[in-house]
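Worksheet: one structure, shown below.
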Amino acid sequence: MINKYILAFDQGTTSSRAILFDSKARVVGVAQKEFKQIYPKAGWVEHDPLEIWNTQVTVAKEILKKTNTKPEQIAAIGITNQRETTVVWDKNTGKPICNAIVWQCRRTADICSELNRKGFQKYIKENTGLIIDAYFSATKVKWILDNIEGAREKANRGELLFGTIDTWLIWNLTKGKLHITDYSNASRTMMYNIKKLQWDENILEELDIPYAMLPKVRQSSEVYGVTDRDIFDGVEIPIAGIAGDQQAALFGQACFEVGTAKNTYGTGCFLLMNTGENIVKTDNGLLTTIAWGINGKVEYALEGSIFMAGAIVQWLRDELQLIEDVKESEHLATKVEDNNGVYLVPAFVGLGAPYWDMYARGTIMGLTRGANKAHIVRAALEAIAYQTRDVLDTMQQDAKTELKFLKVDGGAVSNNFLMQFQSDILNVPVYRPKVTETTALGAAYLSGLAVGYWNNKKDIVNNWSIDRVFRPNIDEEVKQKLYKGWKRAVNRAMNWETERD
Ligand SMILES: Nc1ncnc2c1ncn2[C@@H]1O[C@H](COP(=O)(O)OP(=O)(O)O)[C@@H](O)[C@H]1O
Ligand SMILES: O=P(O)(O)OC[C@H](O)CO
């Protein structure tokens, strides 16, 4: 019998990846392609949807070739994606009517301020679990309909479709047969009612978004359909799992028990805690989100979304050119004894949880003549850990629970300095698993469960194993002083831009 594998598509903010997993959840191979980040104006971020599709399908084909795998050896495809990023395309031509508006894009801040002024905060929080912010898809769709020529008329005639990246990929994989998303992605749009489990008519009406544009919401693990024959050498591969990347990582980290949590360190940082079938009320800057829908049951999570994490290190590399490679950041940070009073507040696209300040901007504070580039690099890494502490403190308070350990994953967890400092500043052990591709793994599990490749969650728990544990090892007084400095620095960064700007 030929070996069967699961193919995961991990469509992230900076790259498209295809990862092949075997039944022990081992990575058989990875193919990855970066794509263009488009910054048309300060605070705006776009992607070309066609480039996203092309890079994703190219890496999928590449990984099959690289590992000598035939399409018929793929038991199922699981899809995970950068969330909230909004694509609107013409149903008849299949062509996007403009670039995708990326989750980080701030162009709809004023639409959000208007919703705030009209007093929609409570309704949005109670029904979508979210905080009104340019981060989520709803105002991005409104912006497209209001600003792209002819869009509103076409939408009213039922000719336009909206989708997050999962929806866009599946539409293309099935040549327009499926226009679907899953609960976890729908819950990030700010127009999905997470209590009633349906698109929210009141929000759609307020933003003037036609219902006909919206995808059908499905479970995160079920066979939705098959890939078009033209894509993988005449073979139809089942598409059987969908989840937003952060929820997929929660699944891949086997955080199935209520109160277990993971933090993913990629472009941003996303800390999610499983709250089971309960919607935990939070008024302190966290989000309530759908973790996944599986076997007819929907489970929820609390989320702290941090917009800039690993991306700060890329900025040090690409814009300041302080380092040549992101890996160098660890060496530089450990070359100095401490941050020398330097704080970097990475509010480049505003601040997410728990501050939610669309008008905050990046700052470097506490510079003196003694500050050198190693201090700035260290401050950048420390900022990732401080932001995580801000979120975790709030989460423990809201969920009325104390975390015993934090599971971590994502590109930046290879940085040992960052992981140790994270444990120090949280005062919680940090568990780094052997497979840190947990986002892709989560999508693989969701699809594998749907086709019987894996039997149940127990298989997943058994596959999870630790690479290294980082334990708190810092003087209490030093820790407190450091964190206090961070809080002061954040204060200075907040509200830098104003609505008028
Ligand atoms: N050794 C490292 N130290 C610090 N940051 C790192 C390191 N390796 C990778 N990163 C950061 O991790 C991010 C990439 O992680 P990844 O999980 O691939 O992100 P995404 O899915 O958001 O594209 C980049 O922002 C990069 O700067
Ligand atoms: O592409 P990532 O991994 O940074 O994830 C982006 C998030 O899904 C945004 O909500």
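When a residue number appears, it is its place in the shown sequence, counting from 1. Atoms within a ligand are numbered from 1 in the order they appear, just like the ligands themselves. The shown structure was predicted, so the numbers you read here are calculated from the model rather than taken from an experiment.
- Listed here is the closest heavy atom pair of Ile306 and Thr388: CD1-N, 3.7 Å.
- The CD1 atom of Ile203 lies 11.5 Å from the OG1 atom of Thr139; values are rounded to the nearest 0.5 Å.
- For the atom pair CE of Met358 and CD1 of Ile131, the computed distance is 11.0 Å after rounding to the nearest 0.5 Å.
- Ring geometry, Tyr431 versus Trp464: the interplanar angle falls from 30° to 60°, so the pair is classed tilted.
- Ion pairing of Arg188 with Asp245 is absent here, as no side-chain N (NZ or NE/NH1/NH2) approaches a carboxylate O to less than 4.0 Å.
- If you number the atoms of ligand 1 from 1 as listed, the ones under 4.0 Å from a heavy atom of Gln314 come out as 24 (C), 25 (O), 27 (O).
- Looking at Arg17 against ligand 1, only its side chain comes within 4.0 Å, counting heavy atoms.
- Which parts of ligand 1 touch Ala311 is read off a 4.0 Å heavy-atom cut-off, strictly below it: atoms 25 (O).
- A cation-pi arrangement, defined by a distance under 6.0 Å to the six-membered ring centre and an angle within 45 degrees of its axis, is absent between Lys140 and Trp143.
- In this structure, atom 16 (P) of ligand 1 lies nearest to the protein heavy atom Gly411 N, 3.8 Å.
- Using a cutoff of 4.0 Å between basic side-chain nitrogens and carboxylate oxygens, Arg389 and Glu382 are not scored as salt-bridged.
- The single protein non-hydrogen atom nearest to atom 23 (O) of ligand 1 is Thr14 OG1, 2.7 Å, given as residue, atom name and distance.
- The Ser414 neighbourhood of ligand 1 comprises atoms 1 (N), 8 (N), with distances under 4.0 Å to a heavy atom of that residue.
- Annotation for ligand 1: atoms under 4.0 Å from non-hydrogen atoms of Thr267 are 19 (O), 20 (P), 22 (O), 23 (O).
- Scanning all protein heavy atoms for the shortest distance to atom 3 (N) of ligand 1 gives Asn415 ND2, 3.0 Å.
- Note on residues 418-436: pairs passing salt bridge (Lys or Arg N to Asp or Glu O under 4.0 Å), not counting sequence neighbours, are Arg432-Asp467.
- When non-hydrogen atoms are compared, ligand 1 lies under 4.0 Å from the backbone of Ala412 as well as from its side chain.
- Scanning the protein for heavy atoms near atom 27 (O) of ligand 1, the closest one is Gly310 O, 2.9 Å.
- For the ligand labelled ligand 1, residue Gln82 lies outside the 4.0 Å heavy-atom shell.
- Interface of Ser329 with ligand 1, defined as ligand atoms under 4.0 Å from a residue heavy atom, comprises 3 (N), 4 (C).
- Nearest non-hydrogen protein atom to atom 19 (O) of ligand 1 is Gly266 CA, 3.5 Å.
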At less than 3.5 Å, what protein N or O atoms come close to the N or O atoms of ligand 2? Include the distances to 0.1 Å.
residue  : atom   : partner : partner atom : Å
ligand 2 : 1 (O)  : Thr13   : N            : 2.8
ligand 2 : 1 (O)  : Thr13   : OG1          : 2.5
ligand 2 : 1 (O)  : Asp245  : OD2          : 3.4
ligand 2 : 3 (O)  : Asp245  : OD2          : 3.1
ligand 2 : 4 (O)  : Thr13   : OG1          : 3.4
ligand 2 : 4 (O)  : Thr267  : OG1          : 3.4
ligand 2 : 5 (O)  : Asp245  : OD2          : 2.7
ligand 2 : 5 (O)  : Gln246  : NE2          : 3.3
ligand 2 : 8 (O)  : Arg83   : N            : 3.1
ligand 2 : 8 (O)  : Arg83   : NE           : 3.0
ligand 2 : 8 (O)  : Asp245  : OD1          : 2.5
ligand 2 : 8 (O)  : Asp245  : OD2          : 3.3
ligand 2 : 10 (O) : Arg83   : NE           : 3.2
ligand 2 : 10 (O) : Arg83   : NH2          : 3.0
ligand 2 : 10 (O) : Glu84   : OE1          : 2.6
ligand 2 : 10 (O) : Glu84   : OE2          : 3.3
ligand 2 : 10 (O) : Tyr135  : OH           : 2.7

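- Lys479 NZ: more than 12 foreign heavy atoms inside a 6.0 Å radius.
- Salt bridge annotation for Glu299-Lys457: present, with a cationic side-chain nitrogen under 4.0 angstrom from a carboxylate oxygen.
- Heavy-atom contacts of Lys327 reach the following atoms of ligand 1: 1 (N) (cutoff under 4.0 Å).
- At least one donor-acceptor pair under 3.5 Å links the side chain of Gln56 to the backbone N or O of Arg17.
- Phe270 carries Arg83 over the face of its six-membered ring, with the cationic atom under 6.0 Å from the centre and within 45° of the normal.
- At least one donor-acceptor pair under 3.5 Å links the side chain of Thr288 to the backbone N or O of Val280.
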